[in-house]
Amino acid sequence: MSPTTLPSAVVTPEQIETGNSLWYDAWSRLRKNRLAVGGGATLLVLALLCAFGPFFAQSYQDQNLDLGAAGPSAAHWLGTDTLGRDLFSRILFGGRISIMVGLVATFVALAIGVTYGAVAGFFGGKIDAVMMRIVDIMYALPFTIFVILLMVFFGRNIFLLFFAIGAVEWLTMARIVRGQIISIKKMEYIEAARALGLGNRRIIFRHMIPNILGPIIVYTTLTIPAVMLLEAFLSFLGLGVQPPMSSWGVLIKDGAEKMEEFWWLLVFPGGVFSLTLFSLNFLGDGLRDALDVRSSKD
Amino acid sequence: MLRFTFRRLLQIIPVLWIIITATFFMIRFVPGGPFTAEKAVTPEILRNLEAHYGLNKPLHQQYFDYMGSLMRGDLGPSFKYPNRTVNEIIGDKLPTSLELGFISLAVALTIGITLGTLAAVKRNSWLDYVCSSTAMIGICVPTFVLGPLLVLTFAIRFQWLNASGWYGPSDRILPCLTLGCVYAAYIARLTRGGMLEVLNQDYIRTARAKGASEARVVFKHALRGGLLPVVSFLGPGIAGILTGSFVIETIFQIPGLGREFVNSAFNRDYTLVLGTVILYASLIVILNLVVDVVQIWLNPKLKFE
């Protein structure tokens with residue numbers, strides 16, 4: 001008998017059925033959403049400009065007192081402020097602080113909210129009831145007032161600012177995470193992890209949280225604008241970032257004081273700030289649709 | 001319903017107690033007192049001042065004294081405005097802030113519900129896109145950018161309105177529009193979402209089948225259910241309008257309580273800060289309760305949760 005040639009066991013790449021992962025699906029959905037892509041691209045450009053722009057632009061400290069406040073020109077694209085400092089550079093430098101506050105404070109909120117929500121959802125029962133009751137009560141508190149008090153009394157320290165804002169914005173995150181944890185708590189793979197004898201902490205952080213990353217990412221994207229808004233609000237009242245540092249809130253405050261003569265000092269920082277919030281919101285909404293997260297907002 | 005209201009009312013007491021106590025002690029542990037900012041006073045005068053306001057007593061004694069007078073509705077004397085009590089100052093400034101807040105809320109509800117309903121009824125038409133993107137702009141342009149921009153346009157450029165002050169009715173336009181716009185935007189989004197959900201339900205089809213006019217279907221049948229998300233947003237919304245007025249009152253130089261609160265915090269006017277915080281906290285907590293009760297009244301399904 002002549003040896004029959006068996007079909008080769010080697011499979012060519014084309015023959016493999018490639019399953020699309022959740023993330024791949026989400027990415028292809030997101031790519032079709034023009035507003036979200038536009039928002040993401042705008043953010044990327046803004047972030048790169050703020051991160052590296054100052055190395056090339058004129059220093060924000062360079063003063064040209066002869067020039068004073070001058071309108072937009074070829075040398076100074078967005079004009080100069082009353083001390084003759086280039087407004088474009090100031091916006092880039094301010095952006096560094098604003099973006100940093102946005103990211104760090106959001107991270108604080110994220111860490112508190114995810115841990116709190118996960119613990120409440122995981123243990124359930126009385127612990128859950130008490131923990132969520134506390135969140136309900138805290139929702140009703142006028143936190144902005146407390147942040148204002150904190151900033152006034154304990155010096156306007158930027159680290160305190162991170163912490164204060166983060167400590168305010170974690171509540172919704174905790175609620176969302178708790179709901180998600182409850183919904184996956186009874187799944188087989190969690191049962192399996194338990195059967196393997198894993199500890200609670202390991203189950204929560206290694207097995208549960210990675211599975212609810214979708215909603216967490218979406219809500220994080222939507223928390224950043226809220227945080228940046230709060231920072232700018234405080235800076236506008238003179239309670240946030242202090243000179244010589246500046247943030248977009250500080251620039252807007254300066255601009256609003258001098259807008260009667262020098263409109264560009266208000267319009268450009270305000271415009272850049274609004275553009276950032278726009279982009280973040282569009283990106284967040286796009287991610288929410290792409291990852292198909294039921295929103296609590298609308 | 002009554003039991004629910006009662007239980008929530010009972011909850012308010014510990015919440016307010018925590019707020020008052022926390023604020024009281026937070027203020028006292030802060031470096032710098034109410035009399036250190038001014039030009040240096042002699043130690044003797046300082047002692048007399050402190051004795052006059054009871055600041056030389058032990059801290060817990062001060063706390064009990066304060067809680068005692070608070071029970072009688074007395075918020076104490078102001079440290080910065082001699083001869084004026086906190087009650088007087090609040091009585092003086094609060095009406096202005098309330099007026100600003102209520103007009104702004106009315107503006108927000110009117111604009112928001114109108115835009116949101118239009119967008120939902122004419123779903124996916126150009127009208128929907130215009131309404132929805134207007135709402136997005138409203139959310140992304142913060143009050144402290146919008147306010148100065150409106151002043152720049154209508155007060156400085158066209159000179160139709162005053163840039164600041166709070167005298168005639170026309171002085172209400174810019175501040176209330178600024179404060180109301182952001183919330184109008186949120187309300188528009190929520191109304192649109194709520195209406196879209198309701199418009200697909202069976203009872204709306206029934207109403208249409210009965211031959212009710214489109215206007216009747218929308219206003220009589222759909223709006224009540226469609227506005228539920230708006231009602232639940234009113235709690236945080238009102239809190240936001242109250243605190244948002246700090247910025248508005250600063251921009252438009254309105255003599256309201258918000259500006260007074262920020263100033264009193266800078267001046268370390270202990271009693272005035274405490275009094276304002278207590279007032280704002282009670283307002284917010286009570287309004288939240290009202291919102292919760294109204295919500296259950298509108299949507300009996302929630303009662304069982």
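The model shown is predicted, which means the values in this text are computed figures rather than measured ones. Lettering of chains follows the sequences in order, A, B, ..., and the numbering in each one begins at 1.
Residue with the most contacts toward chain A among B:Leu242, B:Val141, B:Val247, B:Leu196: B:Val247 (heavy-atom pairs, distance under 4.5 Å). The greatest number of non-hydrogen atom pairs below 4.5 Å with chain A, out of B:Val262, B:Leu149, B:Thr250, is found for B:Leu149.
For A:Leu229, the parts lying near chain B are the backbone and the side chain together; criterion is any non-hydrogen pair under 4.5 Å. The parts of A:Phe282 that come within reach of chain B are both its backbone and its side chain, each placing non-hydrogen atoms under 4.5 angstrom from that chain. Contacts of A:Leu237 with chain B are made by both backbone and side-chain atoms, with heavy-atom separations under 4.5 Å. When heavy atoms are compared at a cutoff of 4.5 Å, A:Phe236 approaches chain B solely by way of its side chain, counted from C-beta outward. For B:Ile251, the part lying near chain A is the side chain, with the backbone staying farther off; criterion is any non-hydrogen pair under 4.5 Å. Heavy-atom distances place no part of B:Ala239 under 4.5 Å from chain A, backbone and side chain included. Using a 4.5 Å cut-off between heavy atoms, B:Phe233 does not touch chain A at all.
For A:Gly102 against A:Met228, the heavy-atom pair with the smallest separation is CA-CG, 3.8 Å. In this structure, B:Pro175 and B:Leu100 approach most closely via the heavy-atom pair CB-CD1, 3.9 Å.
Under 4.0 Å is where a charged nitrogen must lie from a carboxylate oxygen, and between A:Asp285 and B:Arg189 at least one such pair does.
Ring orientation note: the planes of B:Phe261 and B:Phe246 are tilted relative to one another, at an angle of 30° to 60°.
Side-chain rings of A:Phe93 and A:Phe88 stay apart, their centers remaining 6.0 Å or farther from each other.
Judged purely by distance below 3.5 Å, without hydrogens or angles, the side chains of B:Thr276 and B:Glu260 never pair a donor atom with an acceptor atom. Remark: the A:Glu169 side chain and the A:Thr106 side chain contain no N/O donor-acceptor pair separated by less than 3.5 Å.
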